[in-house]
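Order of the sequence lines sets the chain letters (A, B, ...), proteins ahead of strands, with each chain counted from 1.
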Amino acid sequence: MNDFIQHTINGLALGSIYALVALGYTMVFGVLQLINFAHGEIFMMGAFSGLYFARYALPAGTQPSIGVTLMVVVAAMIGSAVLGVIIEKFAYRPLRKAPRINILITAIGVSLLLQYGGQLIFGASPQFFPTILPRQNIDLGGDIFLDTNQITIFLLSFVLMVILQYLVFKTQFGRSMRAISHSLETANVIGINVNKVIFITFIIGSALAGAAGVLYGVAYPKIDPLLGLLPGLKAFIAAVLGGIGNITGAVIGAVLLGLSETYVAGYISSTYRDALAFVILILVLLLRPGGILGSKKIEKV
Amino acid sequence: MDTLTVSDLAVNYGNVQALKGVSFKVPKGQIVSLIGANGAGKTTTLKAISGACASKGTVMFHGQPTTGMESYKLVGQGLIHAPEGRGIFPNLTVMENLQLGIVGRHSAKVNFQKNLEDSFKLFPRLQERITQMAGTLSGGEQQMLAIARALIGEPELLLLDEPSLGLAPQVVKLIFDIIVRINKEKQVTVLLVEQNAKQALKISHYAYVLETGKISLEGKGSDLLNNEDVKKIYLGEH
């Protein structure tokens, strides 16, 4: 039982990171009907922006603290958002009216470009993510531990998701974004500045991935330019599981995926951990292609 | 001055010429109709006017050419489109749909609260359904919502695309009564596109008949109603 609680805590922490990344996939899909395969690299950019900010922008001898962590997170969010809008403006916007397959191939191209461009710029060998958070294990009794990283992950993801919820459901931007996800053409005709809304969507989605990058670096402090690949794919799977295009679905899918991965690693074998996500993907596509909260509509890609 | 002047408007979809040089005008304060069969180019005309598809020719709004202007900027100037197929967002609530009525109009001094109340006076049924998802509304209510949303932006020119499409006759009558009312009471200039020629001609000051991308006939609404060709082809009379 205690094992189970411990696995659940760990799974929720992992799921929260996936959720932040999955939200970006699902938001971009909502407005452009595009799987932004470069999103994993935007997440990677967050981890590296955080790393370089912590290494060079903070005065030497800065002690790890919550304040430092928040600053690093904000820097990472900015770094990722900048990369996200550059990709949107130069890679996707010129193809707005092109057949969908062209944009899909472009997305994969951008992803590869950033992975290997990242190796050129950041170096191919892994780097240690600096300790920005004082690490402490809190004993909850009965061999169950909650560490400060996990608390930070929970709190930060929660706050970011509440802000996102507000933006999407209570503001004119959010209404416009959801209108575009129903019909870009109608949204355009009734006066929504479609390009601006898509631009802001990329900023928000990318910034969330940037925050996730730092949380990931804090939890698994060895980062390299290919680090976006697997978490990116998994977050994408989480978004599909929840119903791509559906914001609540992305969070549910991510939490379920994080939990199942941790349970599989804990009770069966960590060897199967990474395979699980893909098994889930295949099952979802076979049994319920719309995902948990998705529409029944079948999307041709 | 005419609110809208269209000259030699032409639109191609690939190799298909959907509009082959159409000219007409909409004087301020009037209801002008474009009638014609399916595929005559009516919706294309409206899309070209609101900047939603590439076109050749000139469109002048308030005497200013709109060439190359994006849709949201035209909406900002008061050229507001209530699109075909009820163009509402089923995944948003009725209220959220209405709130989007001012999305392009932030530069104009549009009084959302007052316009919202006015719309509820015109369409009391919308007020009852304010928190419902728009997709759960009946066809007629969705059309009301599309018109109400357009009115909330205080249009200088209202483009109405087939408001009667797929609606029961009583609802069609209600919608057309409303169009007349907003024209009379609020002095809204209307460009109406309709397949339902009879109803459209009855309420129009002036009308044009569009046939395979060209204007084949024009005249006062009442004159066209009595025109033998129009009667035979569009009104189903013999």
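Heavy atoms of B:R105 lying under 4.5 Å from chain A are absent altogether. If you measure heavy-atom distances from B:K73 to chain A, you find no contacts under 4.5 Å at all. In this structure, the portion of B:I88 lying under 4.5 Å from any heavy atom of chain A is its backbone and not its side chain.
Taking every heavy atom of both residues into account, A:V189 and B:A52 meet most closely at CG2-CB, 3.8 Å. In this structure, B:F89 and A:H182 approach most closely via the heavy-atom pair CD2-CD2, 3.9 Å.
When the shell of 6.0 Å around CD of B:Q195 is examined, it contains more than 12 heavy atoms from other residues, nucleotides or ligands. Within 6.0 Å of CZ on A:F158 lie no more than 12 heavy atoms contributed by other residues, nucleotides or ligands. In this structure, B:K20 places its NZ atom where more than 12 heavy-atom neighbours from other residues, nucleotides or ligands lie under 6.0 Å away.
With a 4.5 Å cut-off on side-chain heavy atoms, B:L100 and A:I190 count as touching. Side-chain contact check for B:E96 versus A:R178: some heavy-atom pair is nearer than 4.5 Å.
Each of A:G174, A:A179, A:A187 has some count of heavy-atom pairs under 4.5 Å with chain B, and the biggest count is that of A:A179.
Rounded to the nearest 0.5 angstrom, B:L92 CG and A:S176 OG are separated by 9.0 Å. Between B:I102 atom CD1 and A:Q172 atom CD the span is 5.5 Å, to the nearest 0.5 Å. Here B:E70 contributes atom CD and A:N195 contributes atom CG; the two are 6.5 Å apart, rounded to the nearest 0.5 Å.
Of the listed residues (A:N193, A:V194, A:V197), just one forms a side chain to side chain contact (heavy atoms under 4.5 Å, CB included) with B:Y72, and that residue is A:N193.
Sorted by first and then second residue, the pairs that involve residues 233-246 of chain A and meet salt bridge (charged side-chain N to carboxylate O under 4.0 Å, His left out), not counting sequence neighbours, are A:K234-A:E261, A:K234-A:D274.
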